[in-house]
Amino acid sequence: MPSVYPAKVQFEVQCSCNGLEVMYLELSNNENMKKCFVLFVSALILFASCGPKPYYKTAQGKKKQKYYNAIQFGQKERPKMDFK
């Protein structure tokens with residue numbers, strides 16, 4: 001039964017660079033990865049910070065929180081319910 005896979009072929013590559021050049025190439029790839037990672041993380045932080053503001057930090061949310069805290073904790077002077 002003939003083999004479906006092609007015969008294994010080996011290639012010999014002549015390299016004219018020394019060990020220092022190989023280390024430089026490895027370092028430059030590592031530095032590129034670091035730069036990409038830093039850019040990715042900074043973009044992620046930037047886009048995460050541009051989200052909507054929480055309701056309790058808005059002006060209307062602060063008024064409601066003040067009103068309901070006054071009711072809950074029994075203050076004698078209650079603020080007006082001027083929110084809708």
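None of the values given here were measured: they were computed from a predicted structure. We use all heavy atoms of the structure for the numbers below, so side chains are in, but hydrogens, waters and symmetry mates are not.
- Under a hydrophobic clustering in which Ile, Leu, Val, Met, Phe, Trp and Tyr are joined whenever their side-chain heavy atoms come within less than 4.5 Å, directly or via other members, Tyr67 and Tyr56 fall into different clusters.
- If you take OH on Tyr55 and CD on Gln65, they are separated by 11.0 Å, rounding to the nearest 0.5 Å.
- One distance of note links CG of Leu44 with OG of Ser49; it measures 10.0 Å at 0.5 Å rounding.
- Heavy atoms only, all atoms of each residue included: Lys57 and Lys62 are closest at O-CE, 3.6 Å.
- A search for ring-ring contact (aromatic ring centres under 6.0 Å, His included) contacts involving Tyr68 returns nothing, not counting sequence neighbours.
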